[in-house]
There are 2 protein chains.
Amino acid sequence: MENIYWTIYRDYADQIEQGRLSPDSKLPSENQLAKRYGTSRETVRKALHLLSQNGYIHKIKGKGSFVLHVNKFDFPVSGLVSFKEVATKSGKEWNTDVVSLETGKPDPYVASQLNIQGSEAIWKVVRVREVGGEKIILDKDHFHKGLIPPLTKDICRESIYEYLERSSEVKISFAKKVITIEGATEEDERLLDLDRYAMMAVVRNYVYLDDSTLFQYTESRHRPDKFRFVDFARRY
Amino acid sequence: MENIYWTIYRDYADQIEQGRLSPDSKLPSENQLAKRYGTSRETVRKALHLLSQNGYIHKIKGKGSFVLHVNKFDFPVSGLVSFKEVATKSGKEWNTDVVSLETGKPDPYVASQLNIQGSEAIWKVVRVREVGGEKIILDKDHFHKGLIPPLTKDICRESIYEYLERSSEVKISFAKKVITIEGATEEDERLLDLDRYAMMAVVRNYVYLDDSTLFQYTESRHRPDKFRFVDFARRY
DNA sequence: GAGTGGTCTAGACCACTCA
DNA sequence: GAGTGGTCTAGACCACTCG
């Protein structure tokens, strides 16, 4: 139940994702929705605004709200979605191999990325992502040790995000992604099925908590032929 | 003046961009802002929500709204910003060379991307972007001819977006970007300073109008060492 | 003219933080 | 307990679309 606007948002986001509402079809008007959910029009508008921001619908003044053509299975979808969420949605066979899970002092580069001073310890997780039988993505995660509950290999094999969200001590708030293209390293070649590719798509992810402290730095290295990033943007 | 919430948004976005409000500093409370702008709290909240979505500020319940560390000069900033906007903000010396500007029938690939049927004509613009003396980006723009006012080489050398926004017949609403990495083509090699690079970062941009018709398809091909894409995302 | 979404108001109650 | 942001309400007026 929770928030009314969130309920409305989920209702329609789910219907659109599952194709039960087809593209170009018209949503009920804001007044109708307000009556149906027993709430005020402004609350309905909050939900529709969210749907619009996330590329589910499009609103036209004087006409109504319409379902957009959503390309499902875009990888990775823009935003803060975890590998597991994306992989399971895509329906492809996938697997995560935890190469290493250790705790200790960060090397200087990571320390600077995480704004770490002095002798603070971190969790360092290295994972290889296998999709369709090929080792394609190398994920190197770094967390402030003091900020999260203890990790295990089993948790890393599933989804660290799901674990953190459930354990609820930690609230993820926002993130910044930087995408660049860089030469493959010796490590990439050793751990992945690189074929002849010499370059990698590198996504650096900086994740912040609710109180705006930086708590995670992740480097996600993708084989270029399998890399695809989708971004939906709206003018105001 | 226009909308109140837009005025408030611009006021603070400008102050933060120009560094007149330093990171971590606290904004006035929503009630104070409502008084100061002679408006209601909900309207102030709309402006703050926009600032928050765009990565300018961060709101903490019970405490207030705080300025985030904005990395200026990130190229390209997430969203619908044109090359000219980004280039001028970065302060680097830049130049646009209009390789060709023609109108006619699209080839089959572009026609399918633009959802063109039958004998509709398009504008096709090919531009080379030079930054710091190097030809780095190849932009191939395609517009439905019937949807926009006529283009000239001079307009293409400046900013097509500025021109379209001023001419006001056309209202850009939302866009979808897809980033992939692909092999360099013979055309890339001929028109750009590619050095030894064999791959390109390709950004396909699908731009829609207010009535949700697709009106532009652009392929933006970047030399990999100069490519950088930044995305700011928020959990709700 | 009826219906739609866009903006705005003046309140209300809540959960949270901090002194 | 005073102040903060988060949610919600029940209205209002406007600009726009369409028959």
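Order of the sequence lines sets the chain letters (A, B, ...), proteins ahead of strands, with each chain counted from 1. Below, each value reflects all heavy atoms present in this structure, side chains not excepted, and no hydrogens, waters or symmetry copies. Small disclaimer: the values here were computed from a predicted structure and weren't measured.
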Visitor: Figure out the CD1/P separation between A:I4 and D:dG6, and round it to whole Å.
Guide: 17 Å
Visitor: For DNA chain D, what dot-bracket results from Watson-Crick or G-U pairs at under 3.5 Å, with [ ] for crossers and | for inter-strand partners?
Guide: ||||||||||||||||||.
Visitor: Using OP1 and OP2 only, check whether a side-chain N or O of A:S29 sits under 4.0 Å from C:dT4.
Guide: yes
Visitor: Any chance you could lay out the salt bridge (Lys or Arg N to Asp or Glu O under 4.0 Å) test for B:R127 and B:D141, step after step, and finish with the verdict?
Guide: CA-CA 8 Å; B:R127 293 181 286 183; B:D141 290 74; 3.3 Å; yes
Visitor: A:L50 CG to D:dG6 P: how many Å, rounded?
Guide: 14 Å
Visitor: Select one nucleotide: of D:dT9, D:dG6, C:dC8, the one nearest the side-chain heavy atoms of B:T43.
Guide: C:dC8
Visitor: Please tabulate the protein-to-nucleotide N/O contacts below 3.5 Å involving nucleotides 11-18 of chain D, giving atom names and distances.
Guide:
| residue | atom | partner | partner atom | Å |
| --- | --- | --- | --- | --- |
| D:dA12 | N6 | A:R41 | NH1 | 3.4 |
| D:dC18 | OP1 | A:K63 | NZ | 3.0 |

Visitor: Search all heavy atoms of B:P106 against all heavy atoms of B:I122 and return the closest pair with its distance.
Guide: CB-CD1, 3.5 Å
Visitor: Checking B:T7 side chain against B:N3 main chain: does a donor-acceptor pair fall under 3.5 Å?
Guide: yes
Visitor: Nearest to the A:Q32 side chain among C:dC8, C:dG5, C:dT4, which nucleotide is it?
Guide: C:dT4
Visitor: Flag this pair as yes if the NZ/CZ of A:K176 is under 6.0 angstrom from the six-membered ring centre of B:F232 and inside a 45 degree cone about the axis; otherwise no.
Guide: no
Visitor: Would you mind telling me which of C:dT7, C:dG5, D:dC8 lies closest to the side-chain atoms of B:N3?
Guide: C:dT7
Visitor: Rounded off to whole Å, could you give me the OH-to-P distance for the A:Y37 and D:dT7 pair?
Guide: 18 Å
Visitor: With sequence neighbours left out, what residues match A:Y12 under side-chain contact (heavy atoms from CB on, under 4.5 Å)?
Guide: A:I8, A:Q15, A:L21, A:L27, A:P28, A:L33, A:R36, A:Y37, A:L51
Visitor: Please state how far atom CD1 in A:I8 lies from atom C1' in D:dC8, giving the value in whole angstrom units.
Guide: 11 Å
Visitor: How many whole angstroms separate atom NE2 of B:H49 from atom P of D:dC8?
Guide: 14 Å
Visitor: Provide, to the nearest angstrom, the distance between the NE2 atom belonging to A:H58 and the P atom belonging to C:dT4.
Guide: 18 Å
Visitor: If you compare every side-chain N and O of A:S65 against the phosphate oxygens of C:dG5 (OP1, OP2), does one of them come in below 4.0 Å?
Guide: yes
Visitor: Send over the distance from B:K35 NZ to D:dT4 P, rounded to a whole Å.
Guide: 9 Å
Visitor: Residues two or more places apart in sequence or in another chain: which of them pass salt bridge (Lys or Arg N to Asp or Glu O under 4.0 Å) with B:K140?
Guide: B:E187
Visitor: Give me each pair satisfying salt bridge (Lys or Arg N to Asp or Glu O under 4.0 Å) with a member in residues 53-65 of chain B, each pair once, sequence neighbours excluded.
Guide: B:E30-B:K59
Visitor: Quick one: list whatever passes salt bridge (Lys or Arg N to Asp or Glu O under 4.0 Å) with A:D14, sequence neighbours left out.
Guide: A:R10
Visitor: Between B:Y5 and C:dT7, does any side-chain N or O lie under 4.0 Å from OP1 or OP2?
Guide: yes
Visitor: In whole angstroms, how far is the C1' atom of D:dG6 from the CD1 atom of B:I57?
Guide: 14 Å
Visitor: Pick out which of B:F215, B:Y217, B:Y206, B:W123 makes a ring-ring contact (aromatic ring centres under 6.0 Å, His included) with B:H142.
Guide: B:Y217
